[in-house]
Every structure is written in C-alpha cells, then in structure tokens.
Novice: 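Got a structure for you, written out below as structure tokens; questions coming shortly.
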Amino acid sequence: MEKLMQYTFSKDERLCSEKILARLYESGFVISKYPLRLNVLLLTEEEFTELLTLGSPTGTKYKGVIELRAQISINASKKRLKRAVMRNRMKRILREIYRHKKHQIYTDLASSGKYAAIGLIYVGTSEMDYWELEKVFDKVRRNLRERIVAAAAPRAATGNSLEG
RNA sequence: AAGGCAGUUCGUUCUAUCGAUCCAUGCAAAUGGGUAGGAAAGUCCGGGCAACGCAGGGCGCCGCACUUCCUAACAGGAAGGAAAUUUCAUGACUUAGGUUAUGGGGUUGACAGAAAGUGUCACAGAGAGCUAUACCGCCCGUAAAGUUUACUUUGCAGGUAAGGGUGAAAAAGUGGGGUAAGAGCCCACUCGUUCUAGCGUGAGUUAGAAUUGGGACAAACCUUGCGGGUUGAAAGACCAAAUAUAUCCGGAUCAAAGGGCGGCCCGCUCAAUAGCUUGCUAGCCGGAAGGGUAGGUCGAUGGAGAUACGCCGUGAGGCAUAUCCAAGAUUAAUGAUAGAAAGCACGGCAAAACCGUGUCUACAGAACCCGGCUUACAGAACUGCCUUUUGU
RNA sequence: CGGGAUGUAGCGCAGCCCGGUAGCGCACUUGCAUGGGGUGCAAGGGGUCGUGAGUUCGAAUCUCGCCAUCCCGA
C-alpha cells in the first residue's frame with residue numbers, strides 16, 4: 001500500500017520558486033550525462049520547509065503519507081528541440097521516470113539528512129525511448145548518490161558556502 | 001476501370017495499471033465527471049477588451065484601390081464586369097509550318113490615374129519620346145565629269161518614314177487610291193479615344209456619330225479617393241508581504257523648507273517650529289527619483305457561441321424557434337507503459353475471402369478571446385470536370 | 001507573448017536606396033623570382049545572390065509568401 005503511494009507527483013514536488021531556481025543555476029553543482037543534465041542544490045531542513053509554505057498560497061501543509069525530500073523542475077531547451085510537441089513529449093517521459101524512481105533518491109537524501117532542489121534538463125537534439133532514457137537516468141542517479149555522501153562528510157563547510 | 005486537377009468532410013479506437021489538472025459533493029478520507037486542433041502553427045490582416053491621450057482644422061507618416069453586396073470589422077468572402085492565358089469547335093488566309101477572327105469551357109491575378117508634373121528606358125542603333133530622327137535606300141533640283149544625247153557617276157541644296165538595318169519597344173494595322181518619291185494626304189475595314197442614345201443599381205455593354213490617334217514603367221517619385229489616436233494581457237484592477245528615505249518638485253499647516261540687495265553666475269545680509277551635545281537632528285499629504293518584495297486573486301473562458309429545423313437571398317449570409325454548455329494550465333495539466341482492434345502497404349493467389357509480415361498510421365501542442373488569410377499534413381470518403389482504355 | 005535584423009565564392013564583407021557589368025580582402029591553383037621555404041609579383045578558377053512566385057523587355061536589387069539564423073523587451 002505504501003509502495004503505491006510513492007508514485008504520486010503533485011504540485012508540492014515541483015520547484016516553482018524563482019528565488020531558489022536562480023540560486024540553483026548559479027551555485028548548484030552539475031551532473032551531466034548525455035542527453036541529461038542535472039543541476040542540484042542541497043538544502044537544510046529549515047530552508048526546505050520554508051520552500052514548501054511558499055509554494056502553497058494558503059499556507060496549507062503537505063498532507064502526503066511519505067516525507068518529501070526534494071523539489072524538481074523538468075525542462076527541455078527550445079534551441080535543441082525545435083518542435084513544441086517533441087519538447088512536451090520528452091518532459092512527460094522524464095516526469096514519468098522521476099515519478100517511478102524518486103523514492104530511491106529520497107532514501108539517499110534521508111541517509112545523509114539532506115534536502116535538495118533539482119533541475120533536470122533534457123539537452124538531446126532528438127527524441128528518445130522511455131527505456132533508453134531510464135538507463136541513462138539510473139547512471140545519473142548513482143552519480144548523485146556519491147555526491148550526496150561526499151557532501152555529508154564535511155557538512156559545515158558546504159552549508160556555509162551555500163549560505164553565501 | 002485507371003490517372004490528373006479543383007473543392008468539401010474526416011483525420012485512429014478500446015482495455016488494464018500508475019499518474020496530472022479543473023469542476024461538483026464531502027469536516028476529512030474519498031467518489032463521480034470533464035480535459036487539447038483543423039490547422040492550437042506562422043504572427044500576415046481585422047476586431048473585442050484595457051490603460052493613457054484627445055477643442056477644431058491643415059501638413060506629414062502608414063495602409064488600401066474594377067463594381068455591387070456580405071460583415072462588428074478587414075488586405076477576408078460572395079456574385080458580376082473587363083483583361084490575360086489555355087483548350088475545343090467553326091470560318092478565313094497560307095505550299096507547309098502556322099497565323100487570325102468568332103463562339104463555348106477551364107484557370108489566373110495588389111485590374112484607380114501615364115492627356116497634372118518629375119524621373120528612367122542599359123547594350124545596340126542614325127534616332128528612345130509632345131509637330132522626334134536621314135545611317136543605307138528612294139525622289140526632285142542644280143554643278144562637274146563621262147559618254148551610247150538622254151542616261152550613268154560624284155558633289156551640293158532640299159523632300160521622304162513606304163523598304164533595309166538595330167532593339168524588348170521605332171510613333172495605329174491591312175488593303176486601295178494618290179504622288180517626283182512618299183506620308184491618315186484621301187477612302188474602306190479593324191483597333192483605340194471622345195460624344196450621344198438604349199439596357200444595367202453599378203463596373204460596363206450594344207448601336208450610331210466624330211476623330212489621326214499624344215510608347216512603356218506608378219510592386220519609380222507622385223496624383224486622386226477612402227481609412228488609421230498611441231500602447232498591448234509582461235494591458236490593467238486588487239490583496240498580502242517587505243522597505244529607507246538621503247535628494248528634488250508641489251500642497252496643507254499659527255509659523256518654517258525661504259526673503260531682500262546688485263544685470264546673471266555668485267556674494268552679502270535678514271528671518272524661522274521642536275529637541276538637545278549650540279550646530280546638528282527631526283514632523284503631515286501627493287508626485288519624481290531611488291530602494292524593497294518575487295507570493296496570491298481577478299482579468300480568464302457564456303461567446304460577433306455550437307447544433308438541428310424552417311423561411312428569405314443566385315450566393316457570401318441574414319432572420320426566427322428549439323436544444324446544449326463543449327479545455328482553462330501559469331516552472332506551465334491534457335500523460336506514460338503494456339496489450340488488443342481497425343486501416344494501409346507488401347507477399348502467399350488471376351480475383352474475392354482468408355493467412356502471414358511491418359523502423360507504416362501524418363502535420364503538429366492551447367497561453368486573454370474571436371473573424372479571416374497563409375503554410376504543413378500518412379491515409380480515407382464524397383462531389384464536379386478533363387484524359388486514356390474496354391464494353392454496350 | 002511582443003518587437004527587430006540578416007541570408008551574396010571555402011571564410012569575412014561590399015553592391016540593393018535610384019533595376020541592365022556580381023565585386024573586394026584572406027584562402028585555393030598555376031607561373032615568375034630564391035639553392036629551398038616564407039615573403040613579393042603576375043595570371044587564373046570558383047557564386048542556383050536562402051527558397052518559391054509576381055511586376056518588368058530585363059530582378060542580387062522592387063513586391064508578396066515560405067525557410068533558416070541571430071538579437072532585443074520583465
């Protein structure tokens with residue numbers, strides 16, 4: 001039962017704050033594996049709860065069963081993919097992949113006590129299959145776990161640098 | 001039956017699992033329902049809507065341009081006119097190739113004005129534009145020479161646009177008369193222009209008369225007529241949050257953000273509320289400038305709305321009645337995966353049925369909303385026309 | 001979403017307003033000069049003027065429709 005609940009993708013899981021997005025692309029680190037590109041910004045618990053209340057206008061809290069650990073924004077470049085149909089299709093496939101795989105990222109984040117803002121960008125110039133893209137995503141996710149573990153060890157240093 | 005052209009319509013469906021968004025019900029959990037196109041595209045026109053501006057007129061700028069109608073409006077559409085082009089039939093001319101006239105059908109287009117003015121017409125050619133132009137040629141006169149004694153050649157002064165040549169284009173065309181040779185110089189027909197009459201709402205058309213008739217380009221400047229206030233949903237209205245008023249302008253206030261003198265810069269001088277460190281700080285309202293915030297609601301989906309039937313109109317379309325509500329996101333939904341079905345193509349067959357195979361099933365994604373235009377589009381169906389073949 | 005500009009030889013550009021010959025620099029080829037190379041000099045080749053129509057006797061140029069690229073606007 002709880003397993004099925006993990007596959008949701010509601011508004012609270014999407015990154016909407018302009019402020020955080022600007023910080024993400026300015027000071028977040030990058031994991032790149034063609035045709036995907038991942039911008040990640042690790043956050044503290046206070047920052048993340050503030051982000052959640054900002055997203056909902058009435059200040060209502062997230063009522064899901066599992067605890068949220070990340071917000072994501074999925075994009076496809078207009079320069080790489082000319083047609084709007086292709087851009088929409090790749091974004092939808094990426095969203096489905098993230099929906100099915102996000103619990104693995106959540107467990108990685110929970111093990112080191114971190115929260116994250118993620119920007120997932122499709123930088124390919126042609127369309128791809130769901131299954132091909134899932135393989136690439138797995139590699140990117142494994143890379144991300146190493147980075148999270150590395151960031152958890154010198155915790156104070158990274159936290160200060162993100163503040164500035 | 002096949003192919004081509006034009007037009008119209010449609011443009012995949014179902015099931016399972018996991019989701020997204022909106023609406024309704026509900027305290028909640030949840031349940032039920034809706035969810036992309038004909039072009040949503042290009043952003044090429046026209047409107048609605050919003051803010052700001054606005055005495056009236058002129059100039060300028062931009063756009064449009066056969067006629068009548070449709071429309072909220074339009075550079076859109078409908079019907080018509082004239083033209084161009086293509087095809088067929090008939091007639092005439094020609095040795096043939098072909099040319100030309102009339103009529104029918106199809107297609108096409110930003111079809112006002114060149115007799116208001118300016119400009120351009122390369123190269124070639126004698127000459128490229130209001131009574132133009134004489135290179136070759138033709139003709140008259142005259143002078144010289146030659147001789148067959150009425151001709152030839154050359155020069156000079158004229159006439160000539162018929163013939164040659166150049167060019168995209170050479171100053172209406174064809175035929176006849178006329179003449180020294182020629183010429184709309186005269187005549188007939190054709191074309192053009194103007195006028196009159198009939199028909200048509202009108203563009204025009206038909207008939208008659210007059211007329212020598214003054215190229216092309218306005219998608220060159222321009223002229224005439226008509227239209228246009230500017231900006232664009234990032235318009236605009238409101239709520240929340242946040243901040244800092246140094247400075248400048250105007251006003252309110254018992255008073256103060258200054259006044260007076262010399263022509264100006266500038267200098268001198270005088271006056272002023274409260275506080276205290278006695279020369280510094282500080283007060284209200286609106287605007288400019290600067291700073292802060294980066295969230296939400298409305299605008300925003302019931303409309304020049306869709307469907308059906310009836311009437312009017314050649315048609316675009318209009319009127320009346322009935323029924324219906326049919327996407328509404330905002331880091332941006334309308335999906336992903338799997339499996340069937342249907343269509344299509346190919347093969348197994350000569351055909352049908354059936355079976356098998358498949359890198360087949362397009363173009364393409366709302367972003368305030370409508371009316372058009374343009375462009376893209378696998379495949380399917382229907383209608384009209386044309387061509388070819390077969391049968392009667 | 002709303003504006004604007006550009007497309008010409010392998011590369012960078014001019015010519016377009018006001019129509020008639022497509023040109024400049026670098027690069028390329030050949031020759032000369034040098035013992036050889038560079039440099040220099042001379043000659044030469046190479047362009048559907050992005051694309052499809054229209055106006056015109058004639059279009060890179062004027063007009064319209066498409067295509068591609070780039071730049072602005074919170």
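Predicted model only: the values in this text are computed from it and were never measured. Throughout, a chain's letter reflects where its sequence line sits, starting with A, and its residues are numbered from 1.
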Novice: Counting Watson-Crick and G-U wobble pairs only, both distances under 3.5 Å, name the nucleotide matched with C264(B), or none.
Specialist: none
Novice: With syn defined as a glycosidic angle within 90° of 0 and anti as the rest, where does G200(B) land?
Specialist: anti
Novice: If I compare all heavy atoms of V123(A) with all of R80(A), which pair ends up nearest, and what's the gap?
Specialist: O-NH1, 3.2 Å
Novice: Given the P atoms of U12(B) and A20(B), what is the spacing between them in whole Å?
Specialist: 27 Å
Novice: Tabulate protein N/O versus nucleotide N/O from nucleotides 376-379 of chain B, keeping only pairs under 3.5 Å, one per line.
Specialist:
none

Novice: For R87(A), check side-chain hydrogen bond (donor to acceptor under 3.5 Å, both in side chains) against everything at least two apart and list the hits.
Specialist: none
Novice: Which letter, B, S or -, goes with each nucleotide of nucleotides 330-337 of chain B from 5' to 3', with contact meaning a protein heavy atom under 4.0 Å?
Specialist: SBSSBBSS
Novice: Which value, in whole Å, describes the distance between the P atoms of nucleotides C24(C) and G214(B)?
Specialist: 48 Å
Novice: Rounded to the nearest 0.5 Å, how far does CE of M86(A) lie from NZ of K91(A)?
Specialist: 13.5 Å
Novice: Which atoms form the tightest heavy-atom contact between R99(A) and Y7(A), and what is the distance?
Specialist: CG-O, 2.7 Å
Novice: Grab the two heavy atoms, one from K101(A) and one from E134(A), that are nearest each other, plus how far apart they are.
Specialist: CE-OE2, 3.2 Å
Novice: Taking syn as within 90° of 0 and anti otherwise, name the glycosidic form of G91(B).
Specialist: anti
Novice: Between P35(A) and M128(A), which heavy-atom pair has the shortest distance, and what is it?
Specialist: CG-SD, 3.2 Å
Novice: Partner of A169(B) by Watson-Crick or G-U wobble geometry, both contacts under 3.5 Å, or none?
Specialist: none
Novice: If we take the P atom in both U231(B) and C45(B), what is their distance in whole Å?
Specialist: 13 Å
Novice: Let me know the distance between CG of D12(A) and C1' of A20(B), rounded to the nearest Å.
Specialist: 13 Å
Novice: When you compare the side chain of Y122(A) with that of L36(A), does any pair of heavy atoms fall below 4.5 Å?
Specialist: yes
Novice: Taking the C1' atom in each of G225(B) and A112(B), what is the distance between them to the nearest angstrom?
Specialist: 9 Å
Novice: Tell me, which pairs form a ring pair (Phe, Tyr, Trp, His ring centres under 6.0 Å) where one or both residues lie in residues 73-93 of chain A, sequence neighbours left out?
Specialist: none
Novice: Taking the same atom, C1', in A110(B) and in G63(B), what whole-Å distance lies between them?
Specialist: 12 Å
Novice: Searching all strands shown, indicate the nucleotide that pairs with G335(B) (Watson-Crick or G-U wobble; both distances under 3.5 Å).
Specialist: C18(B)
Novice: Please determine, for C254(B), whether a Watson-Crick or G-U wobble partner exists with both distances under 3.5 Å, and give it or none.
Specialist: none
Novice: Just need the stems in RNA chain C: three or more back-to-back Watson-Crick or G-U pairs, each with both distances under 3.5 angstrom, sorted by first number.
Specialist: C:1-7 with C:67-73, C:10-13 with C:23-26, C:28-32 with C:40-44, C:50-54 with C:62-66
Novice: Locate the shortest heavy-atom distance separating I93(A) from Y130(A); write the atom from each residue and the value.
Specialist: CG2-CD1, 3.8 Å
Novice: Can you tell me whether the base of U281(B) sits syn or anti, using the 90° cut around 0 to define syn?
Specialist: anti
Novice: Is there a Watson-Crick or G-U wobble partner for G290(B) with both distances under 3.5 Å, and if so, which one is it?
Specialist: none
Novice: Rounded to whole Å, please give me the gap between CE in M86(A) and P in C363(B).
Specialist: 11 Å
Novice: Find the distance K82(A):NZ to A41(B):P and express it as a whole number of Å.
Specialist: 18 Å
Novice: With a 3.5 Å limit on both atom pairs, tell me what C238(B) is paired to, counting Watson-Crick and G-U wobble, or say none.
Specialist: G296(B)
Novice: To the nearest angstrom, how far is Y98(A) atom OH from C18(B) atom C1'?
Specialist: 17 Å
Novice: Watson-Crick or G-U wobble partner for A73(B), using a 3.5 Å limit on both distances?
Specialist: none
Novice: What integer distance in Å separates R83(A):CZ from G37(B):P?
Specialist: 20 Å
Novice: For the P atoms, the ones on A327(B) and on G371(B), what distance do you get once it is rounded to whole angstrom?
Specialist: 15 Å
Novice: Taking the P atom of each, how far is C22(B) from U334(B), in whole Å?
Specialist: 12 Å
Novice: Please determine, for U25(B), whether a Watson-Crick or G-U wobble partner exists with both distances under 3.5 Å, and give it or none.
Specialist: A30(B)
Novice: Which heavy atom of Y98(A) sits nearest a heavy atom of A70(A), and at what distance?
Specialist: OH-CB, 4.2 Å
Novice: What interatomic distance, in whole Å, is found between P of C368(B) and the corresponding atom of G60(B)?
Specialist: 40 Å
Novice: Decide, for A340(B), between syn and anti: a glycosidic angle within 90° of 0 counts as syn, anything else as anti.
Specialist: anti
Novice: With a 3.5 Å cut-off and sequence neighbours excluded, list the donor-acceptor pairs that the side chains of residues 136-147 of chain A form with protein atoms.
Specialist:
unit_1, atom_1, unit_2, atom_2, d
R141(A), NE, Q104(A), OE1, 2.8
R141(A), NH1, Q104(A), OE1, 3.2
R141(A), NH2, Q104(A), OE1, 3.0

Novice: Let me confirm one number: the CD1-CD distance from I118(A) to E13(A), rounded to the nearest 0.5 Å.
Specialist: 11.0 Å
Novice: Within this structure, what is the CD1-CG distance for the pair I20(A) and L15(A), rounded to the nearest 0.5 Å?
Specialist: 7.5 Å
Novice: Indicate yes or no for a side-chain donor-acceptor contact from K102(A) to the backbone of F9(A) under 3.5 Å, with no hydrogens or angles considered.
Specialist: no
